[in-house]
Amino acid sequence: MCGIVGVVAHTEVNQLLYDAMIVLQHRGQDAAGMMTCDGEHLYLRKSSGLVRDVFHQRHMLRLKGAMGIAHVRYPTAGCSSSSEAQPFYTNSPYGIALGHNGNLTNAHALKDMLFREDRRHLNTESDSEILLNVFAHELQRTGGLEVDERDIFHAVSAVHRRCRGGYANIAMIAGYGIVGFRDPFGIRPLVFGQRITDSGTEYMIASESVALDVCGFELVRDVAPGEAVVIDRHGNLHTQQCADRPLYSPCIFEYVYFARPDSIMDDISVYKARMRMGDKLAEKIQRDWAQHDIDVVIPIPDTSRTSALQLANVLGLKYREGFIKNRYIGRTFIMPGQKQRSQSVHQKLNAIDLEFSGKNVLLVDDSIVRGTTSQQIINMAREAGAHKVYFASAAPPIRFPNVYGIDMPTAGELIAHDRSEQQVADFIGADKLIYQNLDDLIDAVRRGNPKIQRFDTSVFSGEYVTGDVTGDYLATLARERSDEAKQKRVRDDHAVIEMYNVS
C-alpha cells in the first residue's frame, strides 16, 4: 500500500506536495520521494524514512517548479532500500516520472517482455518501474516530437491491455503536465480536485481526498476505473475512459483499515462506512448473543474507534478508552518479522487498569490478521484485571492473501486460514469471538454508494476480481512475502550498504 499525489499549479508546488504526503503517511512509512518540474528541468529527492526525515529545508529549496508528484511507500514483495523509493524516472521519451500504488499480477511476464521485445532496461525488482516502462514505451510508439493528451490516452489504453492487477498511478511528463490513471477495476483509490486562484485553476490528484482537504483543494470526483485524467502545465483538464470493459470493484479493505476516516473514496465516506460496520456488529450480537454479559466496550486504537463507539451506542453499553497508544510506532502487521511485530505491540499500547479491573470487556478491532497482536492485547487486558475478555472484529475472517498491493501475509501466516472461528478464539485466548459477516460488511460500505455493484473482497472470500490469480502465482507470492524472505532482503540491503561504505 502506498500514497501518491500530483499537483499542477501556478506557483511552487513543493510545500503542497509535502503537506499532502504528511497526511498520506499512514499509507507508507518505509520511504518517501518527490519530483518537481520547472520548465524542462526535473528535480528529485527520495530516500528511506518518514516524510519529515527525508525532506529538510535544503532539499525543499532545490525542488523547484509549478508541477510535481510525490509518493510515500511501504514495500510489498520488494526490498525496503532507498533504491526502490519512488517516483521512478525514465528519460525516454520526453522524461517521465511515475508514482504507483498497487501490485501487478503479471509483473514477471511484463519484465521479460520489456527486455526481449521493448528493449528497455530495468534497474530494480519493483513492479512500479515495470509499469513506468510499459507506459513510456507505449507513449513512445504513439507520440510525436511533442506529446498531447491524445497520445497519453492511447498509451494508457495500451497499459490497460498489457498490465494486470491493481494499480493507481500518477505520472509526470517533463514540460507537459501530469496524468493520473486507475486500473479497469478501480481496485486502488484515486481522486482529483481543484482550487480557483487569481492566476487560474490549479489541480491535485491523490490517493485520498484528505490530501485535497488539507491543501485547500475541493474534491471534484474519483478517477473512474480505467479512466485517465490529464492536466497540462497550463491548467487544462482532459479526461477519457481508456479501458474496454471497466468494472467498478474497489478494495473493501481500504474502508476497514487503510484509509483515513476523514477521506471520501469512490463517493463513500470512510467514517460513515465504519459507523455502519459498528451497527452491523451490534445487530449480530443482538441476534446471536442476546443474553450477553458485556460490561464495557473498549476499542483497540486507532482504526476501530468509530465502529466500537457505534456498537456501544446501539447496544446501550459503556464505551471507554482502555488502551493508550504510542503514536511513534508504525503499523505492526506490515513489519518484516514476527519478533519485531511482537516488540512493537508492547511499545505501541499500554492498558489503563481501572477500565479493565473486574469487568467483562468487549475489545473491538478493525480486523484480525496474524492473530499474534490480538493474542498479546487480550493478555494485556487480563493482566489489567479483566474478568472476561470478548473480542469483536469489524471485518470477517481474513483467510487469503492480498495480491493487489497490500503486503498481507501468506495464507499459512493468516490465523483464520484453515481454522474455524472457535479455533481462532482459542488461539488468541478470547472467551468469545465475534466476526463481522461478509454480506454485512459489503452492505455497510455499499450503502454509501449503491452504484458500486461489487468490491474486491479477496482477502475474505478468495475470489480475485481480475480473474488471473492462479495457485502457482499464490505459491510464488508466498515465497516472496514470507518473513524468512523479507529478513533475507533486509540482510542483503545491509550488505550492499556496508559494501559501499567500505569502498
Side-chain angles (χ1 to χ4, degrees), residues 1-2 76-77 100-114 126-128 130-131 134-135 138 155-169 181-190 222-228 241-256 258 265-266 268 395-412 414 416-418 438-439 441-443 445-446 449 451-481:
M1 186 62 60
C2 299
T76 47
H100 168 219
N101 173 30
N103 184 61
L104 300 182
T105 54
N106 64 336
H108 293 299
L110 282 171
K111 183 177 182 180
D112 184 66
M113 188 182 300
L114 280 168
S126 172
D127 64 335
S128 304
I130 291 172
L131 204 153
V134 171
F135 175 67
E138 296 300 335
V156 173
S157 296
V159 169
H160 292 329
R161 289 193 294 272
R162 295 180 64 176
C163 295
R164 299 288 180 269
Y167 51 89
N169 307 293
F181 58 97
R182 198 174 176 192
D183 70 78
F185 297 92
I187 298 171
R188 299 269 67 89
L190 197 65
D222 297 90
V223 177
E227 184 183 29
Q241 177 56 251
C242 297
D244 293 333
R245 292 180 295 275
L247 181 59
Y248 227 145
S249 307
C251 174
I252 205 164
F253 205 66
E254 287 275 358
Y255 302 92
V256 171
F258 263 105
M265 301 185 312
D266 299 306
I268 298 170
I398 296 174
R399 304 187 189 278
F400 305 94
N402 184 282
V403 303
Y404 300 127
I406 301 175
D407 189 21
M408 204 162 276
T410 63
L414 295 168
H417 182 74
D418 287 339
L438 180 55
D439 288 344
L441 174 63
I442 293 171
D443 184 61
V445 180
R446 178 187 283 153
N449 184 359
K451 294 179 182 178
I452 298 178
Q453 294 302 305
R454 73 170 185 174
F455 292 88
D456 169 52
T457 62
S458 54
V459 296
F460 309 120
S461 64
E463 298 174 3
Y464 296 95
V465 296
T466 54
D468 62 337
V469 178
T470 64
D472 289 342
Y473 177 81
L474 292 175
T476 301
L477 201 67
R479 290 192 295 271
E480 293 175 343
R481 287 188 177 180

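No experiment lies behind these values; they were computed from the predicted model shown. Count residues from 1 along the sequence.
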Rounded distance (nearest 0.5 Å) linking atom CG of Asp183 with atom CG of Asn103 = 11.0 Å

How far does CZ of Phe253 sit from CG of Leu441, to the nearest 0.5 angstrom?
-> 10.0 Å

Indicate yes or no for a side-chain donor-acceptor contact from Ser157 to the backbone of Cys242 under 3.5 Å, with no hydrogens or angles considered.
-> yes

Could you walk me through whether Ile406 and Cys251 pass the side chain to side chain contact (heavy atoms under 4.5 Å, CB included) test, one step at a time?
-> CA-CA 10 Å; Ile406 301 175; Cys251 174; 4.1 Å; yes

Is a side-chain donor or acceptor of His160 paired with a backbone partner of Asp244 at a separation under 3.5 angstrom?
-> no

Answer with yes or no whether the side chains of Ser249 and Arg454 bring together a donor and an acceptor at under 3.5 Å.
-> yes

Minimum-distance pair of heavy atoms, taken over all atoms of Asp266 and Pro250 = OD2-CB, 3.3 Å

Would you confirm whether Asp127, through its side chain, and Leu104, through its main-chain N or O, come within 3.5 Å as a donor-acceptor pair?
-> yes

From Leu438 atom CG to Asp443 atom CG, the distance as rounded to the nearest 0.5 Å | 11.0 Å

Tell me, do Tyr464 and Pro401 make a side-chain contact under 4.5 Å, heavy atoms counted?
-> yes

Atom CG of Asn169 and atom NE2 of His100: how far apart are they, to the nearest 0.5 Å?
-> 5.0 Å

Side chains of Thr466 and Val403: closer than 4.5 Å at any heavy-atom pair?
-> no

Roughly how far apart are Asp222 CG and Met265 CE, rounded to 0.5 Å?
-> 8.5 Å

Counting only N and O atoms by type, is there a donor-acceptor contact under 3.5 Å from the side chain of Asn402 to the main-chain atoms of Met408?
-> no

Kindly indicate whether the side chain of Tyr167, heavy atoms from C-beta on, has any atom under 4.5 Å from the side chain of Pro184.
-> yes

Heavy-atom closest pair (Tyr248 atom, Pro225 atom, distance to 0.1 Å) is CD2-CG, 3.5 Å

Verdict with supporting geometry, Asp472 and Thr470, side chain to side chain donor-acceptor pair (under 3.5 Å) = CA-CA 5 Å; Asp472 289 342; Thr470 64; 5.2 Å; no

Mark yes or no for whether Asp468, through its side chain, and Asn106, through its backbone, hold a donor-acceptor pair below 3.5 Å.
-> no

Taking the six-membered ring for Trp and the full ring for Phe, Tyr or His, determine whether the centres of Phe185 and Tyr404 are under 6.0 Å apart.
-> no

Are the side chain of Arg188 and the backbone N or O of Asn101 linked by a donor-acceptor pair below 3.5 Å?
-> no

What distance do Ile252 atom CD1 and Ser461 atom OG have between them, rounded to the nearest 0.5 Å?
-> 9.5 Å

